[in-house]
Amino acid sequence: MASIVVHNSLKPGAPVPFVPIEEGKVSWYACGPTVYDIGHLGHARNYVSTDIIRRIMMHYFGLKVNFVMNITDIDDKIIIKARRKRLLDLEKKKPYGTKESHKLGLDAFRAYATSNLPLLEPSNDPVDENNYQARRDAAYSRVLGGGTLSGDGKPGDAEAKLKMHITNMDSAAQALKDGRVFEGAEEILLPFLDSLYKETININDQTMFTDLTQAMEREFMADMDALNVLRPDTLTRVTEYLPEIVSFVERLVQKEYAYEADGSVYFDIAAFEKRGNTYARLRPESKNDKTLQEEGEGSLSKTLGGKRGPGDFALWKKSKPGEPYWPSPWSNGRPGWHIECSVMASDKLGEQMDIHSGGIDLAFPHHDNELAQSEAYHRCGDCEHSWVKYFLHIGHLSVSGAKMSKSLKNFQSIRDALATTYSPRNMRIVFLLGRWNDGVEISPDMRKHADGWEATLDNLFMNIKARLADVGAVTDGVNSLSLTDEKPDNELAKKLEQAKKDLDAAFRNSFDTPACMQIISKIVRDANVYMGETSDLRTVELVARWVTKIVGILGLDAGAQPPYDGLGWSSASSRIDIDPRTAVQPYASVFSRIVGEVQALGVAEHSVQTLLNQSPETAFAELEKNGELDPETLALPYVRAVSRLRDELRRLIPSESLEPKTKSAIIALADRIRDYDLTDIGVQLDDQVDRPSLIKFVPAAKLIAARNERAALAAEKASQKEKARLAREKAEAEKWEKAKLSPQLMFREDKKYQEWDNDGLPTKLADGSEVPKSQLKKLKKEWDRQKKLNDEYVAKFGTGA
């Protein structure tokens, strides 16, 4: 059997064979979120893509995965956000008057401009809310117009950051004008207040930090649940590992891979390399990138000194006033960012793990620093140590060329995206359409592609289930939705076997989900075509059940559970603890109501009376007795009974024995049953010639939306028709109004002329000169047209003007 190969950031280039440390088992550490704000689509891209790979390993390849993820619940971003929020709350309680609050806002406004938008600030004329807009447009017109600050190349992160600062200043300028500084200028007030008062904050009250991180962790987990991301097997938090972190750093100091300087401890890159190790194995080209190094250290660490080498990074940071701290041999401080993952991963997975994953932006310096300090920690003497076998880095999600991130404020939150733009399944499809290690650019075309892919599968699942249910209707029984007693041998069956082989190859090729999606799409289209050309349902069902299993493995069906042996998307209400009678109540109510309405019609035909006496309750009771839990299967007896009754009523419409009034009532009832009664509970009826109506279970919201769209189109069509009618009437009225005028009178009131002949044609102009022959020729044509029109008027109405 072919092996799995995977893109490994430790060995750039082609995928390499994936061989776990222990056969059949995978140890995996994933960098979790820093919980200082709500999750955005960039987080969704990372964690959903990671979840997809994890699910393929577990549910397709049968590997036992031990998945550990951390929560960073203390770092510079958390400290800054929590502290600033506390300072703003305190500032709002001060007795500010209008003048004082305006001065505070203006000082913050100018400080923010100096730090972030320096082109606004000529030295002799400070910026304020009144001159801001003109200066903004003059200084940053290229960026505001979608270009770069320099005018060259394409906009990226730098331009996105400028736009974020401009947006903050826009809001603040308006707030200053409106006199509501504390309502609209928060983004400029927060850093300003922090610069004034950060050292005065009561750091003994750490609830300002824990309240923030605990709330954001709950939000993150809720987002992951909504996206059908499996929970980690183990979840670790930095604040629960402070003693272990101190011990880890102590050992690095003892082994002379780290040194203390003014209460902080740094990893000694030179000492690490001197012993034959390689630093920045993941991103060697970024080794001396000062910007990335500073970002990795955090904004609160810029003033820490004593480094021996410019790239040396903090393992322990001495806390300054206004920063939380924990005791250590070196100072009251807090851990550096990178050390946390090394400690927690080593604690849960030991000296070596199979997989370490995270977003591509973590490769340097975070993961490179993790590697260095962990391999130094676990190294015995001069022997090499490999802490991680495979680094999986998930590609960026970008918007307009810039990485989506909280710091750039160019993100859409997961919560908002799910409420307004995506379903969890649709979002996952978008990510599946791109390789996990490639970047993803959010675009309308990608969303449209995802919608089309999902609709293709919807069509197959809906139609095969309806056809199988139709077989049950023909045989007058409630059959299991499965007809596959033997393996068919036909062209579609051969295509299915090839699809299975191709998908296996795609999964083994570094979890190539775009290829997988194409394979599924193709076999589904083949099955839909085959179903329309033949009565053979067995092969189509095989295809549908195989596709059901694969989409379950990919996490596209939140209601499905391994081994994913169902048929189609699981019902939203499908649960292990489902109460059958509760599940069928809406369908039973519709059946009961319609029976009453049909009885009121007074149709005496025996066939109708027989159907009125049918009892779907008997078939339902049998299903309930057999332990059936699928809501659609449980509902089928009631829906089928309604459909049969409607079909029979429609069959009787041409009958001469029915009165016209009864026929009209039957037509109205039949349409209402199809378009409202059943639509509102998620049932679509497709009328067939000389066959029972085809029953399809479709989400009610989708059917109602389609009905509303049809109604809107019909209303628009009727409106356009009415407008056209009114326009015709108006044109007709104008035509006859014009036709009233006799041609002998049409030029008499025109002051351009002073003499006319007997027919009313002008002969002399106002100045006494003769009307030119060319002009007279044109006037005669107009006269002839009016004569013809006036004659029609006289003939129609008997008189003229």
Side-chain angles (χ1 to χ4, degrees), residues 455-456 458-479 481 483 492 525-541 544 568 587 590-591 594-595 597-598 601 603-612 614 616 619 632 635-660 662-698 702-703 706-707 709-711 713-714:
T456 300
D458 281 342
N459 190 42
L460 173 69
F461 291 151
M462 184 170 58
N463 283 318
I464 185 59
K465 292 169 77 172
R467 298 292 181 189
L468 292 171
D470 191 34
V471 172
V474 171
T475 59
D476 198 35
V478 181
N479 298 337
L481 296 185
L483 305 175
L492 181 61
R525 285 196 299 268
D526 289 340
N528 280 327
V529 170
Y530 184 83
M531 185 164 38
E533 296 175 344
T534 178
S535 60
D536 169 32
L537 298 180
R538 297 179 303 158
T539 313
V540 179
E541 186 195 359
Y587 309 95
V590 167
F591 170 73
I594 289 171
V595 164
E597 292 183 65
V598 174
L601 289 174
V603 179
E605 273 71 5
H606 177 71
S607 59
V608 173
Q609 294 302 316
T610 298
L611 290 173
L612 286 173
Q614 65 185 323
E632 293 178 5
L636 194 56
Y638 296 97
V639 177
R640 183 175 289 152
V642 171
S643 179
R644 284 172 171 167
L645 188 53
R646 176 180 175 273
D647 285 343
E648 182 59 23
L649 287 172
R650 292 176 65 245
R651 189 186 67 80
L652 294 175
I653 290 173
S655 173
E656 296 181 359
S657 63
L658 293 179
E659 296 181 1
T662 303
K663 289 184 179 183
S664 297
I666 289 174
I667 292 171
L669 179 60
D671 287 347
R672 197 204 73 202
I673 290 171
R674 180 193 61 205
D675 297 337
Y676 287 89
D677 295 315
L678 293 181
T679 286
D680 290 346
I681 56 174
V683 177
Q684 175 180 316
L685 286 187
D686 289 353
D687 295 330
Q688 302 186 103
V689 179
D690 299 326
R691 293 276 299 165
S693 294
L694 204 57
I695 298 169
K696 297 179 179 180
F697 289 91
V698 183
K702 187 174 181 179
L703 291 177
R707 182 181 68 200
E709 184 177 353
R710 289 194 301 273
L713 289 173

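Scope of the values below: all heavy atoms of this structure, side chains included, with no hydrogens, waters or symmetry mates. When a residue number appears, it is its place in the shown sequence, counting from 1.
A salt bridge is defined here as a Lys NZ or Arg NE, NH1 or NH2 lying under 4.0 Å from an Asp or Glu carboxylate O, and Arg651 with Glu648 meets this definition. Ion pair Lys696/Asp458 not flagged as a salt bridge, since none of the NZ, NE, NH1 or NH2 atoms sits closer than 4.0 Å to an Asp/Glu carboxylate oxygen.
Arg640 contributes a side-chain N or O that, together with a main-chain N or O of Ala469, makes up a donor-acceptor pair within less than 3.5 Å. A donor-acceptor pair under 3.5 Å links the side-chain atoms of Thr679 to the main chain of Arg674, judged by distance alone. Under a 3.5 Å cut-off, the side chain of Gln609 and the backbone N or O of His606 do not form any donor-acceptor pair. A distance-only check finds no donor-acceptor pair linking the side chain of Glu597 to the backbone of Leu669 [under 3.5 Å]. In this structure, the side chain of Arg525 does not engage the main chain of Thr456 through any donor-acceptor pair within 3.5 Å.
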Discussion item. Before you tell me yes or no, could you show the steps for Asp687 and Arg646 under side-chain contact (heavy atoms from CB on, under 4.5 Å), namely the whole-Å CA-CA distance, both residues' side-chain angles and the distance that decides it to 0.1 Å?
Written reply: CA-CA 10 Å; Asp687 295 330; Arg646 176 180 175 273; 2.8 Å; yes

Item to complete: Dump the intermediate steps for side chain to side chain donor-acceptor pair (under 3.5 Å) on Ser657 and Glu605, then the final yes or no.
Response: CA-CA 10 Å; Ser657 63; Glu605 273 71 5; 3.1 Å; yes

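Shown here for Leu703 and Gly682, the closest heavy-atom pair between the two residues is CD1-C, 3.8 Å.
You'll find the side chain of Leu636 stays beyond 4.5 Å of the side chain of Tyr587, heavy atoms only.
When only modelled atom types and interatomic distance are considered, Gln688 and Asp686 share no side-chain donor-acceptor pair under 3.5 Å.
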